[in-house]
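Here is how names work: the chains are called A, B, and so on, in the same order as the sequence lines, proteins then strands, and each is numbered from 1.
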Amino acid sequence: MSDQTTLSDANLLTHWHAGEAASFETLFLRHYNRVYAALFALLGHKADAEDLAQQVFLKLYYAPERIQLQGDETNVAGWLYRVAINEGYNALRSQKRRWAWQEKFAWAWPFNSPGDPAQQAESRDAQARVRQILLDMKPRDAKLLLLRHNGLSYAELAAVLEVAPGSIGSLLTRAERAFKEKYQRAFPEE
Amino acid sequence: MRFDETSLRAYLDEELSLPERAQVDQWLAESPQAQVVLAQMRQTREQVNQVLNRLDPTAETASSASAALGKLQIQVGSNGEVAALEVAPSQPSTVMWESPSLRYELKTIFKKLRKGQLIRGVTMLKGFALIAATALLIITGAITLTRIGLNQAGSVGGVGGAQTGSGLPGVIEAAATAPPPPPPPTPTYTPVPPTPISATGNITFSYGIQADPLGDAEANIGHIKKLGFEWVKFQMPWKQVEATQGSYDWASWDPVLDAYAAQGVKVMLTVVKAPDWARPADDDKSVEGPPADPAKYAEFVAKVAERYRGKVQAIEIWNEQNLWYEAGGKGRINAADYVKLLQLVYPAIKAVNNDLIVIGGGLTPAGNVADPQNAKLALAVDDVDYLKQMYMQGVKGYFDVLGAHPAGYSCPALADWRTVTPEEASADPNFGLFTTRHHSWCFLGTMEAYREVMLANDDGDKAIAITEFGWGVANNPQPGYQYTADNTPAEQSKWIVEAYEWGKKQGWVGPMFLWNLDYSITIPGTELGYFSILNTPAYDALVKMPK
């Protein structure tokens, strides 16, 4: 049997369609970290991000035919990240209210190692500012920034956003300018 | 090729083919304006990425892909269908104010505020007064050294090997006798389809005691029968059985477990202490710790459950994981990681041995204690806080019984930690409980606190198994055990009997394992012996105690 790690996503998907469990495992291990990182960037909570990442891969597990096999053009990563980012946004909307309560009572139950409360609060604030700006942007622009930051190629980004690969460059430039302007306007002291 | 913003950006991001790149190189060489635009793009990209970096997972929030894969494989099972067992949500209910744990927490907080009592979390987060800091340093020393004493000698060693005490500073581990053979090929872990959770439900009260697996099995069985007890507890160090990945040394355990099984004594194993090969590369190997990949532990425990079907009736998953030296080092205590471990282990055990009782690892009663050298590193997490965190992380449904180690120190079994006096305890008024009131000093306080947490999480139908408890007695105790000089043999005897009698009455206390039977014989001259009951009035009292 060939070394699975050298197969393209499209080939792995074909093998998975044919019933090879190891192909799914290779796909999983290849993409999990970036899927998780993208979800974590959106949600800021490890457990939530892990749960959602599991759901994304379970969708792939149970219905690989959702990704139309298009030979070498099959964009598995694009499908995965599109599902992930959409799940992330959905979860974000339902979580915002719950977070307000958690922040209020965070002092009552310390998580993990105590750490420096002031530093933790500062870190949370810094992350919250970034998320605030992302959520204030057009979703397509925010998704583009997050996913490019997590290492997706132009081809993968194009599949996620369902745009032509040739347009990614200008879309990315404009998204970054918009983010920078919004951020500097909202937080001029930084 | 068009020379515009799109191609410049693609050039910057290295998304062009080599010929396209060469064309842009030429354009840039000819166009100062293009160079300026490129430089601005680069600067903006770097500025934005710097800000987005704040959202990246850190070492603490990184997720293990292999662990996640293992979890998914267990969920889907080998037949491709979703298992009956669903992963519990890692968060409270969507609407936070409907969460029973938050309602309970709010009630508790306001109750304490009305009574003018400090809340542990507030005390910690608002910083420590000098006196409190000093007291905590004292407690740190006392708790750390005492917990070492309450831990069983860690390294069982091979048959005939030197007996050692893990966690004791300066103790030499059993020496390796020969270089290990090359490891066999790593077997592929094939997830077994989980079966529906067994109806072990509420495990009833019963009598047990911890013994040394290297002790005299026949003699110990005789003692257990004479005491009228049903259970014995051993601690099984994973690192002793699977020192080399994939190679299992059951030779130390088969005859011991056969002997107890042949005489009808039930066995509870606490499986703990990961081998070095399984541990994270960067944890502290001078102390015990969990594996990097919890699936490895699940695999091992499943093997234990399967091999000893009928001979081992219960397995406790880990031990005192709210302490730094069971968690792989300072600052590594993590309730979420422990819950993930349980979420893998529980279905793995049930899949191969549905009737085996799974016990959530007994925590150590403790306050929140940080390293005096580095306040960011936790040495201990308050056990009640830790238990609450476990529920918040989704532990419900992943154990049959909760384990507990309600230590007694010099506090009588039935005393209320809030009000007991040094005179009532005939104890040093300048030690522990009598200088800093906290539930961790008393048997009853710990049990009641755990029960409250379970009730608040609608888990009250589950029992609490006391997997370790006892009172030590010593004339010239080692440093850290000075409280054992306060306890008399008569008090030890009385309090142990009272504790069993109390447990039997509650209806929510499962098996109780006294620490310990025979360490005064097997490891004489150590603090483990302070708690042994062989040749003590406590032994006689327990023989006479109505069961």
For the pair B:R9 (side chain) and B:L38 (backbone), establish whether a donor and an acceptor sit closer than 3.5 Å, ignoring hydrogens and angles.
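A pair under 3.5 Å: no.
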
Looking at B:N368, is its backbone amide N or carbonyl O close enough to the side chain of B:D382 to form a donor-acceptor pair, meaning the two atoms are under 3.5 Å apart?
no

Select, from A:F28, A:Y36, A:Y154, A:F179, the one with the greatest count of heavy-atom pairs under 4.5 Å involving chain B.
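Result: the option with the highest number of such pairs is A:Y154.
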
Side chain, backbone, both or neither: which part of [X] has an atom under 4.5 Å from a heavy atom of chain B?
{"X": "A:R174", "answer": "side chain"}
{"X": "A:I168", "answer": "neither"}
{"X": "A:E50", "answer": "side chain"}

For the interface with chain A, which of [options] has the highest count of heavy-atom pairs at distances below 4.5 Å?
{"options": "B:L12, B:T44, B:L8, B:D13", "result": "B:D13"}
{"options": "B:S63, B:A10, B:A62", "result": "B:S63"}
{"options": "B:T61, B:D337, B:T6", "result": "B:T61"}

Which bit of B:N322 is near chain A, if near means a heavy-atom gap under 4.5 Å: side chain, backbone, both or neither?
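It is neither, since no heavy atom gets under 4.5 Å.
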
A:F57 and A:Y32 aromatic ring geometry - parallel, tilted or perpendicular at 30°/60° bounds:
tilted

A:S167: side chain to side chain donor-acceptor pair (under 3.5 Å) partners, not counting sequence neighbours
none

Contacts of A:R82 meeting side chain to side chain contact (heavy atoms under 4.5 Å, CB included) (sequence neighbours excluded), chain-then-number -> A:W79, A:N86, A:V160, A:E162

Check A:R148 with B:E15, please: is the shortest side-chain N to carboxylate O separation under 4.0 Å?
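Yes, charged N to carboxylate O under 4.0 Å.
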
